[in-house]
Enquirer: 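My structure is below; once you've seen it, I'll send some questions.
In what follows, every heavy atom counts, from backbone to side chain, and hydrogens, waters and symmetry copies are set aside. Values in this document were obtained by computation on a predicted structure and should not be read as measured data. In what follows, chains are A, B, ... by sequence order, proteins preceding strands, each numbered from 1.
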There are 2 protein chains.
Amino acid sequence: MTPLGNTELKSTGQRAVILEIIRRGGGHLDADEIHQRARKQLPRLSLSTVYRVLQKFKENGLIEERHLDENHHHYEISRRDEHHHLICSGCGKVIEFSLPVADIITARIPAANGFEIKNCEINLSGLCPECRQKA
Amino acid sequence: MTPLGNTELKSTGQRAVILEIIRRGGGHLDADEIHQRARKQLPRLSLSTVYRVLQKFKENGLIEERHLDENHHHYEISRRDEHHHLICSGCGKVIEFSLPVADIITARIPAANGFEIKNCEINLSGLCPECRQKA
DNA sequence: CTCCGTGCAAACCTTTTGCAGCCAC
DNA sequence: GTGGCTGCAAAAGGTTTGCACGGAG
């Protein structure tokens, strides 16, 4: 098999399946969901392999780890744009949006002067219009 | 003993000690650190009590839960202003700053229209000027 | 042939829960 | 006196690790 992306990772069936699932997953799958979906094709795939593969993918920049809630890690394919997620605590709907938060902070916060922001993640939750109406 | 704040919580020695530790803690203690510090005054205090007290304090708005890293919950005394944390991954230094992110998003993101943002937390990490120089 | 990758089981760590006794109100 | 609070121990849930085997390069 050909290598995964431009990485030095060995290309295996498990990795191909997992990467494809993440790609198709719309971006908000946790390890357990990935495992369950992957098992349909690879019934003997173990959860620890999923975790190890996710770790490797992350190290190699193929995917990014998100923390949409405080209990799980979620994974999505790496993208260029800085984007964030707004989650409805009523129905679980996820709204994605772009906002250069790091730039805004650098520009507006004197205390952040000279600080090199490497990682920026926003966790937002609230109620979407539909759920507000119900409440 | 007098009630804690204006809440309906029963006032106990354990709660007073824990609240005082959080107050003095500069705002970034996790449950285990709180437990260890509290034990100096209450050697028999159990970790589960710490968790239960934190839960109660949170429900009653006395403290807020933060997620400065993905592995632990951190706690700080509730404040009025929307403020966030910039963490140096080199030395662990925490820079606090105010920024009405929720307002910025509401104003700039059409997709967020009608969404009621209840909770907003930013996780930022990077390198402070000193650590940048060392690297 | 050599390592890296994998499955399995067990360990780990933070957080939660069940239960019996205790204390603030 | 009663219901909430506490300590202890055990469980839960997500994630990591040790080990021996197997497969990619």
Side-chain angles (χ1 to χ4, degrees), chain A residues 1-22 28-60 62-75 123, chain B residues 1-22 28-60 62-75 123:
Chain A
M1 289 188 199
T2 52
L4 293 166
N6 301 317
T7 68
E8 293 163 1
L9 298 176
K10 280 192 186 172
S11 204
T12 66
Q14 289 91 330
R15 292 182 174 186
V17 169
I18 291 173
L19 190 55
E20 190 54 27
I21 287 171
I22 299 172
H28 313 109
L29 303 176
D30 64 22
D32 202 63
E33 280 170 46
I34 294 169
H35 181 224
Q36 289 186 42
R37 297 192 189 188
R39 280 233 213 183
K40 292 176 190 163
Q41 295 168 67
L42 303 167
R44 306 198 42 185
L45 178 69
S46 76
L47 185 54
S48 41
T49 296
V50 173
Y51 276 109
R52 278 186 283 222
V53 169
L54 290 172
Q55 185 67 31
K56 286 290 180 192
F57 284 179
K58 192 172 48 157
E59 286 170 9
N60 283 272
L62 288 173
I63 62 173
E64 278 168 20
E65 193 178 270
R66 295 283 189 156
H67 305 95
L68 303 187
D69 66 65
E70 55 254 37
N71 304 315
H72 310 61
H73 298 167
H74 294 244
Y75 298 88
N123 296 314
Chain B
M1 288 187 199
T2 53
L4 293 166
N6 301 318
T7 68
E8 292 164 0
L9 297 175
K10 282 193 185 172
S11 204
T12 65
Q14 289 91 329
R15 294 182 172 188
V17 169
I18 290 172
L19 189 56
E20 190 53 29
I21 286 171
I22 298 172
H28 313 110
L29 304 176
D30 65 20
D32 201 63
E33 281 170 47
I34 293 169
H35 182 222
Q36 289 185 43
R37 295 193 191 187
R39 280 234 215 183
K40 292 177 189 162
Q41 294 167 67
L42 303 166
R44 307 199 41 187
L45 178 68
S46 76
L47 185 54
S48 41
T49 295
V50 173
Y51 276 108
R52 279 186 282 226
V53 169
L54 290 171
Q55 185 67 30
K56 286 290 179 192
F57 283 180
K58 192 171 49 156
E59 286 170 9
N60 284 273
L62 287 172
I63 62 173
E64 278 168 23
E65 191 178 272
R66 296 283 187 156
H67 305 97
L68 303 186
D69 67 66
E70 55 254 37
N71 304 316
H72 309 61
H73 298 169
H74 294 244
Y75 299 88
N123 296 314

Enquirer: Between atom NZ in B/Lys56 and atom P in D/dG3, what is the gap in whole Å?
Expert: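 Going from NZ in B/Lys56 over to P in D/dG3 covers 15 Å.
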Enquirer: How many Å lie between CD on A/Glu70 and P on D/dG14, as a whole number?
Expert: 13 Å
Enquirer: How many whole angstroms separate atom OH of B/Tyr51 from atom C1' of D/dA10?
Expert: 16 Å
Enquirer: For the backbone of A/Leu62 and the side chain of A/Asn60, can you confirm whether one donor and one acceptor N or O come within less than 3.5 Å of each other?
Expert: no
Enquirer: Answer yes or no: is there a side-chain heavy-atom contact under 4.5 Å between B/Val50 and B/Asp32?
Expert: no
Enquirer: Measure from CD on B/Glu65 to C1' on C/dT14 and round the result to the nearest Å.
Expert: 12 Å
Enquirer: Ignoring hydrogens, what is the shortest heavy-atom contact between B/Leu45 and B/Ala38? Give both atom names and the distance.
Expert: CD2-CB, 3.4 Å
Enquirer: Write out a two-atom table: protein N or O, nucleotide N or O from nucleotides 18-20 of chain D, distance below 3.5 Å.
Expert:
from	atom 1	to	atom 2	distance (Å)
D/dG18	O6	A/Arg52	NH1	3.2

Enquirer: Ignoring hydrogens and geometry, is there a side-chain-to-backbone donor-acceptor pair from A/Arg66 to A/His28 under 3.5 Å?
Expert: no
Enquirer: How many whole angstroms separate atom NE2 of A/His72 from atom P of D/dG13?
Expert: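 Whole-Å distance recorded here is 10 Å.
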Enquirer: Supply the atom-to-atom distance B/Leu19 CG to B/Tyr75 OH, rounded to the nearest 0.5 angstrom.
Expert: 14.0 Å
Enquirer: Please round to the nearest 0.5 Å and tell me the distance separating atom OG1 of B/Thr49 and atom CD1 of B/Ile18.
Expert: 7.0 Å
Enquirer: Tell me which one of A/Glu20, A/Arg52, A/Lys56 satisfies side chain to side chain contact (heavy atoms under 4.5 Å, CB included) with A/Arg15.
Expert: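 Of the listed options, the one satisfying the test is A/Lys56.
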Enquirer: Heavy-atom contacts under 4.0 Å between residues 29-44 of chain B and DNA chain D, which residues?
Expert: B/Arg44
Enquirer: For D/dA24, does either OP1 or OP2 sit under 4.0 Å from a side-chain N or O belonging to A/Arg15?
Expert: no
Enquirer: Side chain of B/Val53 only, please: which of D/dT6, C/dC8, D/dG25 is the nearest?
Expert: D/dT6
Enquirer: Is the phosphate of C/dT14, meaning OP1 or OP2, less than 4.0 Å from a side-chain N or O of B/His73?
Expert: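 So the side-chain polar atoms of B/His73 never come under 4.0 Å of the phosphate oxygens OP1 or OP2 of C/dT14.
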Enquirer: Nearest-Å distance, CG (B/Asn71) to C1' (D/dT16)?
Expert: 11 Å
Enquirer: Quick one: is A/Gln55 getting a side-chain N or O under 4.0 Å of the D/dT15 phosphate, OP1 or OP2?
Expert: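 Answer no for this pair, as no side-chain N or O of A/Gln55 is under 4.0 Å from OP1 or OP2.
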Enquirer: Can you check nucleotides 21-23 of chain D for protein contacts, nitrogen or oxygen pairs under 3.5 Å, and list what you find?
Expert:
from	atom 1	to	atom 2	distance (Å)
D/dG23	N2	A/Lys10	NZ	3.4

Enquirer: Check whether any side-chain nitrogen or oxygen of A/Thr12 sits under 4.0 Å from OP1 or OP2 of C/dT6, and answer yes or no.
Expert: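 For A/Thr12, the contact criterion (side-chain N or O under 4.0 Å from OP1 or OP2 of C/dT6) is met.
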Enquirer: Regarding A/Leu47, tell me which of base, sugar-phosphate or nothing describes its non-hydrogen contacts under 4.0 Å with the strands shown.
Expert: base
Enquirer: Can you give me the closest heavy-atom contact between A/His73 and A/Asp30, atom names plus distance?
Expert: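 A/His73 and A/Asp30 have their closest heavy atoms at O-CB, 3.2 Å.
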Enquirer: Using atom CG of A/Leu54 as one end and atom C1' of C/dG5 as the other, report the distance to the nearest whole Å.
Expert: 14 Å
Enquirer: Below 4.5 Å, heavy atoms only, C-beta onward: do B/Ile22 and B/Leu54 meet side chain to side chain?
Expert: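 Heavy-atom side-chain distance check passes, below 4.5 Å.
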Enquirer: Show your working on side chain to side chain contact (heavy atoms under 4.5 Å, CB included) between A/His67 and A/His74 and close with a plain yes or no.
Expert: CA-CA 6 Å; A/His67 305 95; A/His74 294 244; over 6 Å; no
Enquirer: When you measure from the side chain of B/Thr49, which nucleotide among D/dG25, D/dT6, C/dT6 comes out closest?
Expert: D/dT6
Enquirer: Atom CG of A/Leu29 and atom CD1 of A/Ile63: how far apart are they, to the nearest 0.5 Å?
Expert: 10.5 Å
Enquirer: Using side chain to side chain contact (heavy atoms under 4.5 Å, CB included) as the criterion, point out the one residue from B/Gln36, B/Arg37, B/His35 that pairs with B/Arg39.
Expert: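 So the option named by the test is B/His35.
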Enquirer: Figure out the CG/C1' separation between B/Asp69 and D/dT15, and round it to whole Å.
Expert: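 It works out to 14 Å between those atoms.
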